[in-house]
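The chains referred to below are lettered A, B, ... by the order of the sequence lines, with proteins before strands, and numbering in each begins at 1. Note that this is a predicted model, so its numbers are computed, not measured. Side chains are part of it too, since the values below use all heavy atoms of this structure and drop only hydrogens, waters and symmetry mates.
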Amino acid sequence: MTTDFEQRFLEARRAFVRRDFEKLNDRQQEAVLATEGPLLILAGAGSGKTTVLIHRIANLLKYGRASDSDELPEGADEAMLAALKEGGERGLAAARLDPVEPWRILAITFTNKAAGELKERLTRMLGEEGGDVWACTFHSACVRILRREAERLGFPSSFTIYDTSDVKSLMKHVVKDLNLDEKSFAPPMLLGEISRAKDAQIDAQEYLRRARESGDVRRIRIGEVYVEYMRRLFAAGAMDFDDLIAYTVRLLQQDEEVRRYWQRRFRYVLIDEYQDTNHLQYLLSSLLAGGTGNICVVGDDDQSIYKFRGATIENILSFETEYKNARVIRLEQNYRSTGHILDAANSVIRNNLGRKGKELWTKKDRGDPIRLYVADNEHEEAQYVASTILAAYGRGANWRDHAILYRMNAQSNQLEMSFKRNGIPYRIIGGTRFFDRAEIKDVLAYLCVIAAPTDDLRLARIINNPPRGIGARSVELAQELAQREGLCLMEVLRRADAFPELSRASLKMRQFAALMDGLSESAKELQPDALLDELLEKTGYLRMLEEKNTVEDTARAENVRELKTGILSYMKESGDQTLEGYLADVALYSDIDNYDRDADCVVMMTMHSAKGLEFPTVFIVGMEETVFPGIRSIGEPEEMEEERRLCYVAITRAMRELYLVCARQRMIFGRTTANRVSRFVDEIPETCLEKKNVPKGFGYHDRREELGFLSRPPAAKPPAYAPAPPKKKPAPSVTYEVGDQVRHKAFGKGRLVKMMPMGGDFLIEIDFEAIGVKKLMLRVAAMNMEKL
DNA sequence: CGCACCACAATTTTT
DNA sequence: TTGTGGTGCG
């Protein structure tokens, strides 16, 4: 029974803590103050989710469980209560209840970038203490745990991590060595199957056992591949991305001691983007939080767009059944977008069935209507976007305030060309990632082999790169010998003359082994960055790039130099000067981090990559059936819901202006097609839309298919409009020559200083008063400027 | 062994 | 249309 004093004390304490978080809205405060037990925060787009996460951690560090506990501190008396009411230092001392050591808080995000930002904001807000919070990704958390525990699994604590392409090439070898046909046992399919098995916690032996039981020959073969794949990873002391989590989960489940250690270690576990977790990650979270049961997950079921890579929305939908005493808090006030944009987002997502149900609202005005533009084709679509941005820039907007979102990376091409012609600075996010580039993989492979000469997979990658006369046949032979003798590949190379089979290549092999051994020696003396220089020099890798002297190779050499910058900044930031440390880190790194917010550029990316970002003006291009929603999702209700969530994500990136753009016809993969406007456009209320250049009757009016009314494919459906007649680009009606004074819509006044014929058009250079010389294509420039 | 040519396929992406 | 991977020839 609580006494009157207790009541007053608790009330005063809550008020005291709450004072620190006054700037937050009521829901947000609630989420910050509910520290104990399982908590699900359903955070709509733009609802200040990260802010809540940060403040929640701040609350834990400063006040412990004071805001959410009925427990009084030892020796609580009227004097303490008075101090609480008074505030100040003594009040703080009276309020805090078990403040948490920072390293007892585990905050998990999905990307390194998000983890980095979280860390940065924590340090900024809380000083050094904030930096000691474990803010990391699922994978890096597992690596940290496994570095300590790997030996229990028979792995060296210095295990290496194989990334997607390592794993792909390993799988190719396995398929080949098991004499399977690569067509019917395609490596990507096998890897997918293994990944799913790992997610379901079925290990290789178990998989094979079940396959044999079923008698399904194909499944037995796959089981054998799985076993062999795992055997080779283990032999190489390597784990793939799934293994990092699967092994950690297994250890926590099966090893009492390990489990007890880590469950004691973490008092509070927070998981961001919970809608993107898979089953294994769910298990990991609940195991780690299993000590105290203090698990807080933040997510938005409407923003779940990664089902294709194993995320299961179930984790969020069934949180309340998994955790019986769970509290649920909805954050629905949006601080990002105007009313029209939110109306559109709400109306679109409302068409989905499998959701918790949320409605975003804002105190902001309705703002500008959403603009719908129908272009003739993809060129005109790109030109419309470019002209609109030029006009905005002319009115004083920044380039960086504009983002263009598309469904597939392939769509960026036309936009890119159009931007080049118009002289608009742009940046493309995504596409081939830095660490996926061949030259970067090569150089990293060298570093891996220098650090761990037993790494056969990477050794095979570089053994004849640059070409040094050790052909594929010889490598294969050496690999067979290694397998037979139970040696690693490098050992065979070192002793190449002991194997007469290698006759012809043996000298080259010994030379190469000596080269690598020499570099391994240097690695003991040199810092990683200096080692990189030595490696590039001694292996002739840089020379190879320089000699070719093509545009691509110059870019490659540039990338290699960029890698050195990366190594230096790793050494500086982590304080770690070891090669091994860098390599371990780099395996988990991607280059989304390279998104430089300072550069003033228009940003182009897929809708997927845009998640978590916001821009004053957003263009969503390719708003057509078969493009968005993509052809593969049409007729598949589940897939369609995912596309719709993607649409919701895309719309809610916009703060003030949103443009939806589509083309009456478009060339995709070399074929011209005419598509109806996206059904998602139809789901937006007319009152939010301002239509431009939209022909009468142009629209998607047929939802029967999606609703499951069509069991048979419909008879050839007529396009909703006739294809536009091909128009020739208008030649500029005004003629220009060097020396002309012009006024450009975006760049202002300038003088034409150079004209060069190029592909039926002219590349012109204009010296603008405001920004100096700029290169443009005449035809497009002519549309945006006048002669003075 | 290295290079050139042809067939083929082709969302979305992080770790 | 573009890029990649496999095959065949010099």
Heavy atoms only, 4.0 Å cut-off, all strands: where does [X] land among base, sugar-phosphate and nothing?
X      : result
A:N464 : sugar-phosphate
A:T626 : nothing
A:A472 : sugar-phosphate
A:K172 : sugar-phosphate

**Conformer about C1'-N of B:dT12 - syn within 90° of 0, anti elsewhere** = anti
**Item:** Distance-only side-chain donor-acceptor flag, A:Y648 / A:Q303, under 3.5 Å
**Value:** no
Could you tell me how far apart [X] ([atom1]) and [N] ([atom2]) are, to the nearest whole angstrom?
X      : N      : atom1 : atom2 : value
A:D436 : C:dT4  : CG    : P     : 11 Å
A:K198 : B:dT15 : NZ    : P     : 18 Å
A:D242 : B:dT14 : CG    : P     : 16 Å
A:K508 : B:dG2  : NZ    : C1'   : 13 Å
A:I108 : B:dT14 : CD1   : P     : 19 Å
A:K113 : B:dT15 : NZ    : P     : 11 Å
A:M239 : B:dT15 : CE    : C1'   : 14 Å
A:H379 : C:dT1  : NE2   : P     : 10 Å

**Message:** With a 4.0 Å limit, can you tell me whether A:N112 has a side-chain N or O closer than that to the phosphate oxygens OP1/OP2 of B:dT15?
**Reply:** yes
**Prompt:** For A:E273 and A:Q275, what are the C-alpha separation, side-chain angles and deciding distance, and is it a side-chain hydrogen bond (donor to acceptor under 3.5 Å, both in side chains)?
**Reply:** CA-CA 5 Å; A:E273 307 280 13; A:Q275 76 281 355; 2.8 Å; yes
**Asked** Has the side chain of A:Q281 got a donor or acceptor atom that lies under 3.5 Å from a matching backbone atom of A:F138?
**Response** no
**Message:** Just checking A:K611: does its NZ atom have more than 12 heavy atoms from other residues, nucleotides or ligands closer to it than 6.0 angstrom?
**Reply:** yes
**Message:** Below 30° counts as parallel, above 60° as perpendicular, anything between as tilted: where do the rings of A:F308 and A:Y306 land?
**Reply:** tilted
**Message:** Regarding B:dT15, can its base be found pairing with the side chain of A:T164 as donor and acceptor, where the two atoms are less than 3.5 Å apart?
**Reply:** yes
**Fill in**
From the list A:E643, A:E625, A:E624, salt bridge (charged side-chain N to carboxylate O under 4.0 Å, His left out) partner of A:R679 resolves to A:E625
Could you go through nucleotides 3-12 of chain B and list every protein N or O atom that sits under 3.5 Å from one of its N or O atoms, giving the distance for each pair?
unit_1	atom_1	unit_2	atom_2	d
B:dT12	OP1	A:N409	N	3.0
B:dT12	O4'	A:R407	NH2	3.2
B:dT12	O2	A:R407	NH2	2.5

**Message:** Just to verify, what does A:D576 make a salt bridge (Lys or Arg N to Asp or Glu O under 4.0 Å) with, not counting sequence neighbours?
**Reply:** none
**Message:** Return whichever of A:V475 or A:A587 has its heavy-atom-nearest nucleotide of DNA chain B closer to the 5' end.
**Reply:** A:V475
